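Since the structure comes first, as structure tokens, the remarks are kept for the end.
The basis for the numbers below is simple: all heavy atoms, side chains too, and nothing from hydrogens, waters or symmetry mates. Counting starts at 1 for both ligands and their atoms, following the listed order. Given the structure is predicted, the values throughout are model-derived calculations rather than measurements.
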Amino acid sequence: MIKLQPYLLPVIALVATGISSPLFSQKTSVKDIDARVEALLVKMTLDEKIGQLHQVPGDISTGTDVAKDDLLTQIKAGKVGSILSHTNFDNKIAMQRAAVGTRLGIPLIFGFDVIHGYKTIFPIPLAQAASWDMGAIERAERIAAEEASADGQNWTFSPMVDVSRDPRWGRVMEGAGEDTYLASRVAVARVRGFQGDDLSKNNTLAACVKHFAGYGFAEAGRDYNTVDMSEQRLREIVLPPFKAAADAGCATLMNAFNVLNGVPASMDKHLLTDILRGEWGWKGMVVSDWNSFGETIIHGAATDEADASAKCLSAGSDMDMAGGTFQKGLKKALESGRVTQAQIDEAVRRVLRLKFSLGLFDDPFRYLDPKRRAATLEKPEYRLAARELAANSMVLLKNEGGLLPLRPDGPFKKIAIIGPLADSRSNKNYMSFWTLGLGDVSQYDTTKVVTPGMALKSSLEEAGFEVTITEICFNADCTEKDFSAALKATAAADLTIVCVGETGIDCGESRSVTDLNLKYNQEIIMKIAARGNMPTVMALFNSRPMTFQWASENIPAILVCWQPGFEAGNALADIITGAVNPSAKLPVTFPRSVGQVPIYYNALSTGRPQQQQGQMWTSGYLDSPTSPAYPFGFGLSYTTFSYSDIKLNKTKLRTGETLEVSVTVSNTGQHAGEEVVQLYIHDPAADIARPVKELKGFEKIKLDTYESKTVTFRLTEQDLGYWNHELKFKADPGKFKVFVGGNSRDVKEAGFEIVR
Ligand code: BGC
């Protein structure tokens, strides 16, 4: 029987006090929550306080039935504030019961990496960003939150908003790509999706924006590696998506593993206190990354657990994930005067506030209702949303001669589907490293995935095509002789779809690479398929930008499918048959070779830009053009779009005024389609060098055949400003260029001026 403490009683009359923040803008006012937190805090012992700052891994990491072992004892002793990565539902109930049964009855908060869906697996975050569809991304996270919250999770370690310009880094798949503006828009959509409009509802999750900060700029693309960058670049490129998430009311934030400009991010006071809580006025709770407090000792920036605890807590971090550093060191740090009781109390307050705001004190079991769980997980409409988003994330890079879509009345009747990823269910293929929430750890269920082979066979055969599926050797020992089945299959076909790419475990945390080419001789498979100019479609299943120069030059149709999730095959079939017209655009530049990395669209101009390869005394390579294989923002459709010249409502912009930039986009082809209209600026008259282009707006529009629409973007001085060398945010008077187009390379240009 659960003993209800006075502060566990439901709040009956809640009157808005006028003190509101997006974080706590629920039924329960901030003032009310604060009063309840203070009433609780005065009753807590030091050990109980340290317990609230201690987060312990659950069954995914330990593989054990944690509710029965030592963990339950620790919970009963009030030594645990939070559990992460735990799947077993009944054990969550047992753990919560143990927590609520303690002296003060403080409920646990369960955190989980809900990265691209929980039970229903959506495309990876990088793919979702390629949709440029903020509504669809928000909806995907709403569904993920419905499922995760019904399964007892209260808190997701998402969104990851780390901007990255380095495809070698395995976690590039978890972010929104290389652009800070797109990443900021995606961050807001994700936070809204997870948190909904009321964090205290039982179908919402607290979001956690991560990793603060600079993690995506690890040297050499090697995970966890050092980051060193100017404060100007930090503020301009790295921090805006965090700020956007914070402004959208994101409840929590996670430290980064890396050292940033010499300081381990978990003990970076400048980041956590001066910027995050000071300049931004953010009120949420900061959790470490996995043992990142303890790792400050390995960085050589703390001598022992007490020193690490003192440094991390005083910098502004609150909860200790997985490492147990606070458990070992925080009391000693207090006793030796390196932290104050007030500092510990402040961190505990933030944890308690989060638990109150989630409604956990009002009903600790509100997320643990077996009936809601049964009624919520894996609804058919969730799979439909996953299918739509997967198809709308697939980027068509090449479609020579309108090879796609395949029409029953077209020239091709016999279709061969070949390749190691034609019909594979091993290695979390088509999904990723992060598909954790698939039931108990040991019961990962690969049968949930619709493979390309399965879906293409049924949809193409239904449309009257003859289809063969040939899976091909996919390991380091594959040689040409293992590909004889492919040779046979393609010889008997009119057109081949080659499914190549990465396995699901080639990406994610600690999966950095030095080579972006297709591995295990997959290029040979493409050469077999395309021999003698046979019509060939390359379907690439990838977590990161990859390099495939031979295919770009020789394969007529190339589709970037990413890791599309459960509905991989159906989404691919929708694109191949034309049921869905591709509309996605690259959120990252695709290089020609790994040697070009880092390559990104919003670079500064050198003093010697290269016009053409080989030009002496210019900035380039002897052995490669400087341009990428495919630029940021690029993606084709089955139809074509034309852009009118840009119209401006004024050519001189004064303080307080708004510039309107309009362009008319027309569908000039045979299919209805969607276009992502993109707006970029360049400031050639600034006090410092500015990027050659910067994305400042986009709109995804639908156009029927031969339909036209006018899109108007609005810019103010705020959008034109930047962090200057004195670290002041300002816009300079003088000339500006504005560009509009369907990608970052092919644009129309106009000019205006800021006058004062
Ligand atoms: C990752 C985080 C993740 C955490 C919990 C860490 O290793 O860097 O992004 O949220 O583990 O699984």
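Note on ligand 1: M160 sits outside its first shell, no heavy atom being nearer than 4.0 Å.
There is a side-chain donor-acceptor pair under 3.5 Å between E146 and N203. Inspection of the N258 and Y224 side chains reveals no N or O donor paired with an N or O acceptor under 3.5 Å. Side-chain atoms of K428 and Q563 form no donor-acceptor pair, as typed in the model, at a separation below 3.5 Å.
Close contacts between ligand 1 and L84 involve ligand atoms 5 (C) [criterion: under 4.0 Å to a heavy atom]. Within ligand 1, the atoms closer than 4.0 Å to a non-hydrogen atom of F157 are 10 (O), numbered from 1 in the order shown. Within ligand 1, the atoms closer than 4.0 Å to a non-hydrogen atom of H211 are 2 (C), 8 (O), 9 (O), numbered from 1 in the order shown.
Considering backbone and side-chain N/O atoms, W290 never comes within less than 3.5 Å of an N/O atom of ligand 1. Here's the thing with D113: one of its N/O atoms is less than 3.5 angstrom from an N/O atom of ligand 1. Considering both main-chain and side-chain atoms, E509 comes within under 3.5 Å of ligand 1 through a nitrogen or oxygen pair.
In this pair, H211 and F257 present their aromatic rings parallel. The plane angle is below 30°, not in the 30 to 60° band. Ring pair Y430/F541 is perpendicular by interplanar angle, where above 60° counts as perpendicular and below 30° as parallel.
At a 4.0 Å heavy-atom cut-off, ligand 1 touches R171 through the side chain alone. Of the heavy atoms in K210, only side-chain atoms (C-beta onward) come closer than 4.0 Å to ligand 1.
A side-chain hydrogen bond (donor to acceptor under 3.5 Å, both in side chains) with Y215 is found for exactly one of D223, D162, N255, N225, namely D223.
A cation-pi arrangement is not found for K92 relative to W155, the charged atom failing to lie both closer than 6.0 Å to the ring centre and inside a 45° cone about the ring normal.
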